[in-house]
Amino acid sequence: MGRPGDIVILGAGVIGAAVAQALARRGAPSTIVDRIGIAPGASGKGGGFLAQAWNDTTPVGPLARRSFDLHRELPETLDADYGYRPLETFQAVGADPEVGARVAPDDNPDWLDGNIAVHGAIGTTETTAQVHPRLFTEALIADATAHGASVRTGTVSAVTGGHAEIDGEKNPADAIVVAMGPWSALAGLPLPPVFGLKGSSITLDASIPAHAVFSEFITADGRRISPEIYSRPDEVYVCGVPSADPLPASPADVEVDDADCELLRAAAAGHSSALAEAPVTVRQACFRSVTRDGLPVIGPVPDVEGVWIATGHGPWGILNAPATGEMVAEMILDGGAHTLDAAPFSAARPA
Ligand SMILES: Cc1cc2nc3c(=O)[nH]c(=O)nc-3n(C[C@H](O)[C@H](O)[C@H](O)COP(=O)(O)OP(=O)(O)OC[C@H]3O[C@@H](n4cnc5c(N)ncnc54)[C@H](O)[C@@H]3O)c2cc1C
């Protein structure tokens, strides 16, 4: 196939943004279409934690390692401050003081002064890092538009070879990339099933060292949860309570679950007096896209000429966006991925 003329990317989450940025930097600007705007879903509300080697036991390992390296270079390329910084990462166990369990916080970092015990360093500033995911997505889009791409709002209802139906109108395109996260099934294409998994999160107005903490925590009512606490330069982000709520039609319809947000607040307070005193600045929820085998779906859509898919990144979409963008750009412009092996992510794999 020759170099495509009109390229349309459906979805302005981190994956659509990374694809657009990689294409634009290679002289192939696209039109990015989203029903709401930039990063209204998980790409604006996720954690932004990056780990170099935590996917090494799965076929995602090379994608994650390549992405981690690209994340190191991107702040300079994008010439933007979106909170990229290396982090130290710890594993901990703890319990709400009301359940009676007491743990001995001998070697905890000073700010972890609650009923919590750190029992391992699981990432160093060489192997773990973070970005603010919405600011990162915006920086990718800004770089893409600075290199010729454009952004428009529009709701996609179907995709065929050669056309994307947007706001009820058929839009012709030489290449179409479906990157609508858990809503990618709306394109009506023959793809492995992609589901939406909801997760709540909060931000706190607090300042703690550049640390991430992954905990097992017993709440006041005896529930075991797995809170994740990420310090950011100007706030603290906490997530780790999944929910079985069904995927609504649009990111705009995702309901905030106040009880789950309160669980996260109480868990954060149980970790640290600094967090116990901190006001909650945001309560939110979003859906990540997940597949049956846990692997993203990246590649040409089988039997549909000129259409590619990039979704299903589960808990690692912010991490794996840069190498996904690079991979899809290679598929569209060079006829196939060559920096990494795309075979494990094939849309033609058994569903
Ligand atoms: C609580 C939580 C914490 C997370 N923490 C991390 C983390 O620390 N590190 C990490 O790497 N990953 C993390 N993730 C995962 C990460 O957020 C996702 O994998 C990633 O954001 C997926 O990006 P996406 O672009 O595929 O999808 P999305 O961000 O969902 O974007 C899809 C876009 O498609 C648009 N769209 C939907 N339907 C239509 C339509 N019909 N027409 C037009 N546009 C449409 C939406 O508006 C949306 O903007 C987390 C996820 C959650 C839920």
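Order of appearance sets the numbers: ligands from 1, and atoms from 1 within every ligand.
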Among protein heavy atoms, which lies nearest [atom], and at what distance?
{"atom": "atom 44 (N) of ligand 1", "answer": "R35 N, 3.2 Å"}
{"atom": "atom 13 (C) of ligand 1", "answer": "P315 O, 3.0 Å"}
{"atom": "atom 27 (O) of ligand 1", "answer": "G181 CA, 3.5 Å"}
{"atom": "atom 41 (N) of ligand 1", "answer": "V156 O, 3.0 Å"}
{"atom": "atom 52 (C) of ligand 1", "answer": "R288 NH2, 3.6 Å"}
{"atom": "atom 5 (N) of ligand 1", "answer": "G47 N, 2.9 Å"}
{"atom": "atom 17 (O) of ligand 1", "answer": "A42 O, 3.3 Å"}
{"atom": "atom 37 (C) of ligand 1", "answer": "W183 CB, 3.5 Å"}

> What are the two closest non-hydrogen atoms of A210 and P86, and how far apart are they?
Replying inline: CB-O, 4.1 Å
Find all atoms of ligand 1 within a distance of less than 4.0 Å from any non-hydrogen atom belonging to [X], and give their numbers and elements.
{"X": "F49", "value": "7 (C), 8 (O), 9 (N), 10 (C), 11 (O)"}
{"X": "I15", "value": "23 (O), 24 (P), 25 (O), 26 (O)"}
{"X": "L186", "value": "41 (N)"}
{"X": "G48", "value": "6 (C), 7 (C), 8 (O), 9 (N)"}
{"X": "P251", "value": "46 (C), 47 (O)"}
{"X": "W316", "value": "10 (C), 11 (O), 12 (N)"}
{"X": "P182", "value": "30 (O)"}
{"X": "P40", "value": "47 (O), 49 (O)"}

> Can you tell which part of S250 has a heavy atom less than 4.0 Å from ligand 1: side chain, backbone, both or neither?
Replying inline: neither
Mark yes or no for whether [X], through its side chain, and [Y], through its backbone, hold a donor-acceptor pair below 3.5 Å.
{"X": "E235", "Y": "T203", "answer": "no"}
{"X": "S43", "Y": "G13", "answer": "no"}
{"X": "S272", "Y": "A274", "answer": "yes"}
{"X": "D167", "Y": "G154", "answer": "no"}
{"X": "D81", "Y": "G83", "answer": "yes"}
{"X": "D257", "Y": "E255", "answer": "no"}

>> Applying side chain to side chain donor-acceptor pair (under 3.5 Å) as the test, list every pair that has at least one member in residues 153-163; sequence neighbours left out.
In response: S157-E165
> What side chain to side chain donor-acceptor pair (under 3.5 Å) pairs are there with at least one residue in residues 83-93, not counting sequence neighbours?
Replying inline: R85-Q130, R85-S231, T89-T128
Hey, is [X] one of the residues with a heavy atom under 4.0 angstrom from ligand 1?
{"X": "G154", "result": "yes"}
{"X": "Y237", "result": "yes"}
{"X": "A179", "result": "yes"}
{"X": "D34", "result": "yes"}
{"X": "A310", "result": "no"}
{"X": "A17", "result": "no"}

May I ask you to check if ligand 1 and [X] share an N or O to N or O distance below 3.5 Å?
{"X": "T155", "answer": "no"}
{"X": "C239", "answer": "no"}
{"X": "G41", "answer": "no"}
{"X": "I36", "answer": "no"}
{"X": "L319", "answer": "yes"}
{"X": "G317", "answer": "yes"}
{"X": "V14", "answer": "yes"}
{"X": "G46", "answer": "no"}
{"X": "G16", "answer": "no"}
{"X": "S201", "answer": "no"}

Salt bridge between [X] and [Y], side-chain N to carboxylate O under 4.0 Å?
{"X": "R152", "Y": "D34", "value": "no"}
{"X": "R66", "Y": "D69", "value": "no"}
{"X": "D260", "Y": "R283", "value": "no"}

> Between W54 and F214, what is the ring plane arrangement, given parallel below 30°, perpendicular above 60°, and tilted in between?
Replying inline: perpendicular
>> Could you check whether any side-chain heavy atom of D143 comes within less than 4.5 Å of a side-chain heavy atom of R25, counting everything from C-beta outward?
In response: yes
> Do the non-hydrogen side-chain atoms of I141 and V151 ever get within less than 4.5 Å of each other?
Replying inline: yes
>> What I want to check is whether the side chains of H271 and W111 have a donor and an acceptor closer together than 3.5 Å.
In response: no
> To which of K198, M180, H313 does the heavy atom nearest atom 34 (O) of ligand 1 belong?
Replying inline: M180
>> Counting only heavy atoms, tell me which of S43, A212, G13 gets closest to atom 22 (C) of ligand 1.
In response: S43
>> Show, in sequence, the C-alpha distance, side-chain angles and deciding distance for L264 and S200, and conclude whether the side chain to side chain contact (heavy atoms under 4.5 Å, CB included) test is met.
In response: CA-CA 8 Å; L264 291 170; S200 292; 4.2 Å; yes
>> Please confirm whether the ring centroid of F136 lies under 6.0 Å from the ring centroid of H71.
In response: yes
> OG1/T125 to CG/L87 distance, rounded to the nearest 0.5 angstrom?
Replying inline: 9.0 Å
> In the single-linkage hydrophobic clustering (I, L, V, M, F, W, Y; side-chain heavy atoms under 4.5 Å), do L295 and V328 co-cluster?
Replying inline: yes
